[in-house]
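Per chain, numbering begins at 1; letters A, B, ... match sequence-line order.
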Amino acid sequence: MSKFYYTAYGLRIGSEISLPLLKEIQTDTVDLTVKFGNISEIPPLAPTKIHRAGLDAQFAQSDGRLWLDWSPIACFMAANGNELIVDTNQTDVKILSLFILSEALGLILFQNGYLLLHGSAIQLNNKGVVFVGEPGAGKSTTVAAFAQKGVSIISDDMVCIRIDEMGKPSLIPAFPQIKIWEKSVEGLQLSKNDLNVLRTGSTKFSWHESVSFEEAAVPLEQIFILSPPKGENTEISQLDKSEGPVALLSYFPLPDLLLRGGQLKDHFEKSVTIAQTTPIFRMSRPADFAKLYAFVDYMKTTI
Amino acid sequence: MIISPSTRVQIVSGQSSSVLGKETIVLNYELGNYYELNEIGGFIWSLLQVNKIMSVQELQEGILNEFEVEESVCHNELKLFLESMLNEKLIEATA
């Protein structure tokens with residue numbers, strides 16, 4: 001039985017498990033049920049590059065069901081886009097939340113036909129701007145700098161894109177949280193009173209209570225591919241449209257094994273739609289925090 | 001295989017393509033291979049998309065109508081292009 005009702009990524013969620021980061025709602029119907037259960041008879045697991053809290057996940061798939069195994073912390077099974085089973089001995093709410101509101105939930109979004117990117121997103125003048133990049137490229141720090149200047153965030157870590165019947169892409173808001181390293185907290189001079197330690201022993205912080213969050217879907221306007229700083233100047237260059245689909249492919253946040261055959265075709269065609277409608281830029285991350293704020297101001301005035 | 005002017009070819013199933021800017025991009029999603037075709041390559045691809053099955057001779061005439069190129073050069077380049085497309089399993093010969 002679901003004890004809690006929430007919304008995240010546009011889904012109405014009924015959950016046995018407390019997920020305090022999510023907005024509570026009242027609803028009679030749900031799109032997704034999250035519950036505890038024993039997961040047995042998993043097909044052979046394959047390694048993935050999905051890394052969280054020092055653990056690499058393993059993955060398996062079989063007709064309508066996807067498994068993500070984070071032994072010994074938790075194992076997940078996503079079924080038919082509407083059920084997420086959590087097999088765990090964990091009782092720490094922060095750890096459960098960290099692992100559920102992650103690629104595990106991403107499996108459900110994938111089953112629902114959304115395009116997912118490993119990145120963060122903000123809303124500026126009702127336009128959605130996405131930042132993707134390798135781990136450590138500065139996605140969350142960039143988004144945190146925008147949030148500090150009163151800009152609403154749409155998601156941090158996993159960006160969910162819906163493409164409508166007219167071929168227009170929009171960003172589906174995730175939930176209000178930015179996860180940032182201590183170094184960025186200090187660089188941005190964020191007050192630690194506004195933040196929580198992500199989990200016991202972590203040097204990463206969660207900014208959720210006071211962060212401004214966009215609740216409605218927002219049209220996708222621009223995508224930035226962030227890379228580490230190159231010298232003093234922030235370099236921005238626009239990709240050729242034909243480079244877009246392959247560039248986006250490298251920021252798929254879920255196991256590569258999901259992109260085979262018809263699923264690869266589907267991902268490719270959605271990426272083509274995005275490349276046709278949305279400018280994609282490569283940007284070297286601003287070299288220091290003053291330059292990062294200058295970029296924030298530039299974006300706020302030009303978009 | 002040996003390509004002659006009467007060889008008929010068609011695009012394989014299991015691929016998806018799109019024109020983005022000046023390039024034609026093609027994904028063979030069964031094999032997971034990805035290609036960018038240049039202007040003439042993209043033109044040949046578009047002819048095959050419209051006409052489904054074409055002989056090498058018909059393709060050559062199509063190119064000569066569209067581009068200013070010597071017939072002998074066109075013949076050799078087209079043959080090389082089709083050979084590589086066959087090798088990459090983007091097109092197949094048909095009866």
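Contact count against chain A (heavy-atom pairs under 4.5 Å) is highest for B/S18 among B/S18, B/S17, B/G21. Heavy-atom pairs under 4.5 Å with chain A peak, among B/L31, B/V19, B/I25, at B/I25.
The contact between A/Q276 and chain B is made by backbone and side chain atoms together, counting heavy-atom distances below 4.5 Å. Both the backbone and the side chain of B/S16 come within contact range of chain A, each with at least one heavy atom under 4.5 Å from a heavy atom of that chain.
Side chains of B/Q60 and B/S55: no donor on one and acceptor on the other come within 3.5 Å.
Counting heavy atoms from C-beta outward, A/H267 and A/L249 have side chains that approach closer than 4.5 Å.
The residues A/D256 and A/K49 are annotated as salt-bridged, a charged nitrogen and a carboxylate oxygen being separated by less than 4.0 angstrom. Checked for salt-bridge contact, A/E103 and A/R52 meet the test: a charged N lies under 4.0 Å from a carboxylate O.
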